[in-house]
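Report on the structure given below.
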Amino acid sequence: MDQVTVLPPGVWDPNIRIEPPKVAPPPTHRLELDHHDGCRSNGHSGDHGEDEEKKEGLERTGRIFGGLVKDIKRRGRHYLSDFTDALHLQCLASVFFMYFACITPVITFGGLLGDATDQQMATLESLLGAFICGVAFSLFAGQPLTILGSTGPILIYEKILVGFCDSTGLEYLPFRWWIGIWTAVLCLILVATDASSLVRYFTRFTEESFSTLISAIFIFEAFHKLYSIYEQGGENAPIGNATYDCSCERNESALYDYIIREDDLFEVCGSINSTLYHDPSDTKFTDEFLMSTILMIGTFKLAYTLKIFKNTPYFPTAFRTIVSHFSVFSAVVVMIFVDYLCGIDTPKLNVPATFKPTAETRDYWFVPPFADNPWWTAIAAVIPAFLAVILVFMDQQITAVIVNRRENKLKKGVGYHLDLTVVAVMLALCSILGLPWFVAATVLSINHVNSLKVESECSAPGEPAKFFGCREQRVTGLAVFILIGLAVLMTPLLQIIPMPVLYGVFLYMGVSSLEGVQVTFFFHFFLRYSYLTFNSMFLCFAYFYIYS
């Protein structure tokens with residue numbers, strides 16, 4: 001059976017005769033196969049190839065910075081091809097998609113950080129930090145397909161740090177200066193001791209649980225941001241054009257109903273000695289909210305439909321492939337045009353128009369190491385730095401493992417130590433400049449990899465396209481973060497983009513990153529066949545256990 005050739009029905013030609021093997025396999029080869037089969041039957045086998053592939057770049061060298069040197073040698077021979085391999089239309093489509101996917105959380109994170117830090121770091125600092133860290137990572141990292149971004153754990157850490165500084169009377173940015181320096185030093189110590197080799201002990205369950213959690217957060221945030229528009233009511237709705245059914249209760253006796261304009265409402269109710277019974281400012285279902293819902297759901301539905309358009313039988317294959325590559329960009333452009341035609345004042349993307357620190361107390365970008373803080377804060381900062389190292393290491397390396405998993409068929413090798421080195425240097429630089437910290441963002445990285453997947457352009461009818469790998473290059477990430485850095489110069493253009501459209505991109509990223517996750521497949525399989533007997537439930541668990 002070892003010499004049997006199996007051909008799919010779409011490939012087999014009955015006119016072609018397959019020659020039998022000229023040389024029989026040696027007995028030792030059969031014995032080895034029997035030995036491996038026996039091990040599998042006894043439950044001692046794992047996926048040996050998968051284990052070896054997962055250990056690539058994660059072995060301990062026994063030398064100081066030995067893993068970093070190996071990463072540089074491994075990725076250095078592919079550095080030129082990392083730029084030449086980007087000469088494809090698919091990479092251009094990936095730049096458009098990832099630009100909208102990255103700038104939304106950067107600006108959102110900047111707004112939240114401004115509220116948490118009393119505007120000591122806000123949207124402009126977030127844009128500048130994304131530009132510096134993203135460009136440096138794209139140029140020098142070991143795995144340029146990883147996308148840096150602002151993460152929830154880092155935001156929570158910043159909030160806790162601000163509260164601690166307020167309660168102890170310390171200045172936030174100078175104290176954070178020393179925490180960032182210590183965090184960078186500790187990360188470099190981890191690189192020197194090959195601590196990234198611990199990544200090999202991350203199981204598939206850990207990877208997929210982390211990925212599923214982050215994807216669920218993206219989906220939740222999309223609807224939460226939409227609901228925030230609902231809560232704001234009619235603050236942004238046009239006042240002069242709306243009419244409301246107002247009931248004014250006369251102070252003496254009768255109840256009168258009027259349909260009047262909003263700007264005349266209070267004057268009319270007061271003129272007839274009446275009390276306002278229903279305040280239009282409390283109206284939640286406004287035209288703005290309805291239009292925002294249409295834009296968000298429409299962006300998600302159109303982007304997802306165009307993405308799977310390549311699997312339909314309509315139009316030539318080349319045209320369907322181009323439409324699929326530019327699915328998100330096309331959806332964003334169409335929904336911006338729809339918003340313009342309707343003329344409803346939906347929330348727009350807010351980008352700073354001037355390049356200067358947000359805080360009025362900051363006259364320059366460099367943060368002083370002490371300011372009014374005592375000298376011992378430079379030593380005490382090592383304690384919160386240990387907590388920051390744990391967050392950075394886990395966020396960075398789990399995301400790197402997900403990007404480098406064998407299902408993506410990457411061929412240029414990994415660079416866990418080199419990635420952590422670049423992130424450590426950027427942490428120190430951002431702390432000195434008073435900018436937010438950026439680490440690997442799981443959902444953004446997964447979507448970046450998915451946007452660069454290479455599949456067969458032709459296949460038999462009904463046969464799915466074959467997956468060959470990804471376009472491993474540095475240009476897409478580099479272009480995306482350069483455009484983010486130029487956002488201040490593109491303010492008039494970016495301010496026409498409705499925020500609900502970007503929420504739709506959020507939703508699309510969360511849903512698309514769940515595809516291929518075995519936990520998602522398990523629940524889909526269970527819900528689809530739950531009407532069968534209890535044995536089918538057992539099969540679901542057994543399938544999930546075997547393939548996880």
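In this text, all values refer to a predicted model and were calculated from it rather than measured experimentally.
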State, to 0.1 Å, how close [X] and [Y] come at their nearest heavy-atom pair, and which atoms those are.
X      : Y      : value
Ile179 : Trp437 : CG2-CH2, 3.8 Å
Gln473 : Val475 : OE1-N, 2.9 Å
Asp395 : Pro153 : OD2-CG, 4.0 Å
Pro384 : Phe175 : CG-CZ, 4.2 Å
Asp82  : Lys412 : OD1-NZ, 2.9 Å

So do the side chains of [X] and [Y] get within less than 4.5 Å of each other, counting heavy atoms only?
X      : Y      : answer
Leu435 : Trp365 : yes
Ser292 : Met499 : no
Val95  : Leu483 : yes
Arg176 : Gln120 : no

Notebook entry, point to check: Atom CG in Leu173, atom OG in Ser431: separation rounded to 0.5 Å?
Noted result: 10.0 Å
Check: Looking only at side chains, do Lys301 and Thr299 share a donor and an acceptor under 3.5 Å apart?
Finding: no
Check: What do you reckon, are the aromatic ring centroids of Tyr230 and Tyr227 less than 6.0 Å apart?
Finding: yes
